[in-house]
Amino acid sequence: MVEDSQIKATVSPFAIREGEIKVFDGKDGYVSMNQIIHKINIGHITDLHFVILNLVNEFEFITSRQLYQLLEWKGIEVKSQDKLNNKLEQLVKSKILTRYYFNSDEGKGIYRVYCLEKMGKYLLNSRGEECKWQPTDNTKPVAMIKKRLAGNQTIIAYLRKVKAFDTYTPKPSITAKKLGKVFKATGGDIRLTKNGKSIDFLFEVIRREDDWKKKLSDKMKLYGDFYESFVPNDSGFQNMPQLIIICEDDKHMAESFKEIVINKLEIPKLKLYFTTDLRQNEETLNKTLVEFKIDKNTEKYKMVEVEVKLLGM
């Protein structure tokens with residue numbers, strides 16, 4: 001597997017491309033549960049397949065590379081990316097998982113996205129695993145899926161590269177009390193612990209979809225409500241979590257910050273940080289966060305990299 005530091009991409013694979021569509025790349029036709037049970041009985045579907053299935057269920061949408069990194073982190077031997085791809089192919093052929101790729105005027109995307117199929121839910125339920133998947137989940141648009149993939153990448157970067165990493169939650173639910181709404185942080189939650197003290201990082205992923213500015217404004221209003229009313233143990237957080245906006249690139253960070261300022265959506269109690277997809281590929285994450293400060297000379301905002309020693313190894 002190519003290491004993060006060896007990736008020379010200048011554009012995030014999870015950025016929005018113009019005219020992009022999601023293309024089905026799974027299996028058509030019918031597979032019976034009896035056929036699947038037979039494959040389990042003869043050892044063609046093993047416990048490792050169920051570990052993969054659980055990870056897909058946990059993250060909803062995921063790439064094979066992300067799966068490989070998570071399995072490696074868990075200490076589960078899969079030998080190679082090709083071996084994992086073979087197992088994923090078996091699950092797709094059995095209609096336990098399904099698969100998509102993205103296509104645009106620039107051509108096919110370089111990766112495949114895996115998610116559950118109906119048979120996968122049945123198998124997880126049979127083992128007492130919680131699975132909230134429903135068929136309509138697989139109809140989600142490109143931007144929603146790419147937000148999940150960018151969030152996955154960030155979670156995986158933290159669990160692999162940050163010594164203080166404690167736990168993660170891919171889809172944390174947060175309550176905006178005054179507005180009476182429960183919403184999700186699209187990039188997930190990371191808990192870091194050092195010397196008995198913990199801090200949560202909430203990640204919100206922004207993509208350049210057609211109405212991204214309005215969606216950012218709407219989401220910041222929900223976060224503003226949450227932080228304004230925050231007391232310990234709200235939405236499961238003992239202390240106020242740190243919000244970090246994940247953008248497609250540096251220019252997108254500046255555009256997002258401008259949108260927040262113009263619409264007066266800054267959160268008084270919070271210092272807002274930004275990052276990008278490709279910054280997660282750095283060998284260490286201690287300089288991957290950015291904030292916007294007013295330059296005393298120009299009296300204009302400028303982007304400043306923040307060194308956070310807690311994010312080192």
Side-chain angles (χ1 to χ4, degrees), residues 1-9 11-16 22 25-26 48-92 96-102 108-117 120 124 133 137-138 140 142-162 165 167-172 184-190 201 203-205 207 244 246 248 275-283 285 288:
M1 185 186 72
V2 177
E3 290 299 321
D4 289 354
S5 58
Q6 296 173 300
I7 296 173
K8 304 301 180 186
V11 178
S12 167
F14 310 129
I16 297 294
K22 180 180 69 175
D25 189 38
L48 178 53
H49 289 88
F50 277 93
V51 173
I52 294 167
L53 200 55
N54 269 300
L55 284 170
V56 176
N57 178 41
E58 184 179 22
F59 285 89
E60 189 177 11
F61 296 100
I62 196 165
T63 69
S64 62
R65 185 173 188 270
Q66 290 173 347
L67 277 168
Y68 186 86
Q69 289 176 317
L70 285 165
L71 290 167
E72 189 178 55
W73 173 71
K74 286 175 174 285
I76 297 169
E77 179 62 52
V78 287
K79 296 182 180 177
S80 71
Q81 184 73 66
D82 286 342
K83 294 282 187 184
L84 173 59
N85 291 345
N86 289 338
K87 295 189 181 302
L88 288 167
E89 185 68 27
Q90 290 173 315
L91 291 169
V92 170
I96 296 169
L97 294 180
T98 195
R99 180 171 57 199
Y100 297 90
Y101 65 86
F102 301 122
K108 284 186 182 181
I110 59 174
Y111 56 87
R112 298 293 185 269
V113 181
Y114 293 87
C115 50
L116 284 178
E117 271 273 29
L124 288 172
W133 176 90
D137 290 349
N138 292 1
K140 289 181 178 177
V142 171
M144 287 185 73
I145 297 172
K146 286 201 165 184
K147 287 176 186 179
R148 177 70 269 147
L149 299 179
N152 295 352
Q153 182 191 30
T154 302
I155 288 172
I156 292 167
Y158 274 70
L159 63 83
R160 294 176 75 225
K161 301 175 186 179
V162 178
F165 171 81
T167 59
Y168 69 80
T169 306
K171 295 176 284 185
K184 293 188 184 297
T186 52
D189 165 56
I190 290 286
F201 281 10
F203 294 98
E204 182 63 32
V205 184
R207 300 293 92 170
I244 300 168
I246 305 174
E248 292 188 5
T275 190
T276 65
D277 298 351
L278 294 182
R279 286 173 181 262
Q280 312 315 310
N281 293 338
E282 299 291 334
E283 287 188 27
L285 303 183
T288 55

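Because only heavy atoms are used, hydrogens play no part in the values below, and waters and symmetry mates are left out as well, while side chains stay in. No experiment lies behind these values; they were computed from the predicted model shown.
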[atom1]/[X] to [atom2]/[Y] distance, rounded to the nearest 0.5 angstrom?
{"X": "Y114", "Y": "D25", "atom1": "OH", "atom2": "CG", "value": "7.5 Å"}
{"X": "E117", "Y": "R99", "atom1": "CD", "atom2": "CZ", "value": "11.5 Å"}
{"X": "R65", "Y": "L84", "atom1": "CZ", "atom2": "CG", "value": "12.5 Å"}
{"X": "N152", "Y": "F14", "atom1": "CG", "atom2": "CZ", "value": "7.5 Å"}
{"X": "T167", "Y": "I190", "atom1": "OG1", "atom2": "CD1", "value": "7.5 Å"}
{"X": "E89", "Y": "D82", "atom1": "CD", "atom2": "CG", "value": "12.5 Å"}

Legend entry - Qualifying side chain to side chain donor-acceptor pair (under 3.5 Å) pairs with a residue from residues 50-59, counting only residues at least two apart or across chains: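 Qualifying pairs, neighbours excluded: E58-Y168.
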Inset, instruction - Could you check K22 against V113 for side-chain contact (heavy atoms from CB on, under 4.5 Å), going step by step and ending with a plain yes or no? - result: CA-CA 10 Å; K22 180 180 69 175; V113 181; over 6 Å; no
Inset, instruction - Show your reasoning for whether side-chain contact (heavy atoms from CB on, under 4.5 Å) applies to F201 and T154. - result: CA-CA 11 Å; F201 281 10; T154 302; over 6 Å; no
Inset, instruction - Please say which of Q280, R160, R279 ends up in a side chain to side chain contact (heavy atoms under 4.5 Å, CB included) with L285. - result: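 For L285, the side chain to side chain contact (heavy atoms under 4.5 Å, CB included) check succeeds only for Q280.
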Inset, instruction - Let me know which of N138, L116, V56 forms a side chain to side chain contact (heavy atoms under 4.5 Å, CB included) with T98. - result: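 Single pass found, and it is N138.
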Check whether any side-chain heavy atom of [X] sits under 4.5 Å from a side-chain heavy atom of [Y], and report yes or no.
{"X": "L71", "Y": "I52", "value": "yes"}
{"X": "L70", "Y": "F59", "value": "yes"}
{"X": "Y111", "Y": "L149", "value": "yes"}
{"X": "K146", "Y": "V205", "value": "no"}
{"X": "K74", "Y": "L55", "value": "yes"}

Inset, instruction - Apply the test side-chain contact (heavy atoms from CB on, under 4.5 Å) to residues L67 and V78: give CA-CA distance (whole Å), side-chain angles for both, the deciding distance (0.1 Å), then the verdict. - result: CA-CA 10 Å; L67 277 168; V78 287; over 6 Å; no
Inset, instruction - May I ask you to decide whether D277 forms a salt bridge with R207, counting only side-chain N to carboxylate O separations under 4.0 Å? - result: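 A salt bridge links D277 with R207.
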Inset, instruction - Run the numbers on K140 and E60 for side-chain contact (heavy atoms from CB on, under 4.5 Å), then give the verdict. - result: CA-CA 11 Å; K140 289 181 178 177; E60 189 177 11; 2.6 Å; yes
Inset, instruction - State whether the side chain of E248 and the backbone N or O of I16 hold a donor-acceptor pair below 3.5 Å, judged by distance alone. - result: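 Yes.
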Legend entry - Under 3.5 Å: donor-acceptor pair, side chain of T275, backbone of T288: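 Yes, the answer is positive, given that a donor and an acceptor are paired below the 3.5 Å cut-off.
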